[in-house]
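The structure appears right after this line, and notes come after that.
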Amino acid sequence: MGLISELVMLPLAPVRGGAWAIRQVLREAERIYYDPAAIRAELARLEELLMAGEITDEEFDRREDELLDRLETAMHSGDTTGNGRGR
């Protein structure tokens, strides 16, 4: 961009910076949400809750299905390594 266009766009810099920051936060949240290691840890915790009698079989099945769907999505996306750190 030229100097004139940069000067004209200068008042929008905080908006552009804010949008960039929101995209970065969203990207990191999705990375964590679809991290196979985190999903496996949640599955283990869910099984512990079932064994301790803190949740019902129906609740376990429902939550397990959700976690397995996330894991399948994560494994197909190829964006994570499964070591708890994302890429």
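Residue numbers run from 1 in the order of the sequence given.
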Can you give me every donor-acceptor pair (side chain of residues 21-30, partner residue at least two apart or in another chain, under 3.5 Å) with its distance?
{"residue": "Gln24", "atom": "OE1", "partner": "Arg27", "partner atom": "NH1", "Å": "3.4"}
{"residue": "Glu28", "atom": "OE1", "partner": "Arg31", "partner atom": "NE", "Å": "3.2"}
{"residue": "Glu28", "atom": "OE2", "partner": "Arg31", "partner atom": "NE", "Å": "3.4"}
{"residue": "Glu28", "atom": "OE2", "partner": "Arg31", "partner atom": "NH2", "Å": "2.6"}

With a 4.0 Å cut-off on N to O distance, would you call Arg45 and Glu42 a salt bridge?
no
Residues Arg62, Glu66: salt bridge by 4.0 Å N-O rule
yes
Minimum-distance pair of heavy atoms, taken over all atoms of Arg70 and Tyr33:
NH2-O, 2.8 Å
Gap separating the CD atom of Glu59 from the CG atom of Leu49, nearest 0.5 angstrom:
9.5 Å
Would you please name every residue forming a side-chain contact (heavy atoms from CB on, under 4.5 Å) with Phe60, sequence neighbours left out?
Leu46, Glu47, Leu50, Ile55, Glu64
What are the two closest non-hydrogen atoms of Ala38 and Ile32, and how far apart are they?
CB-O, 4.1 Å
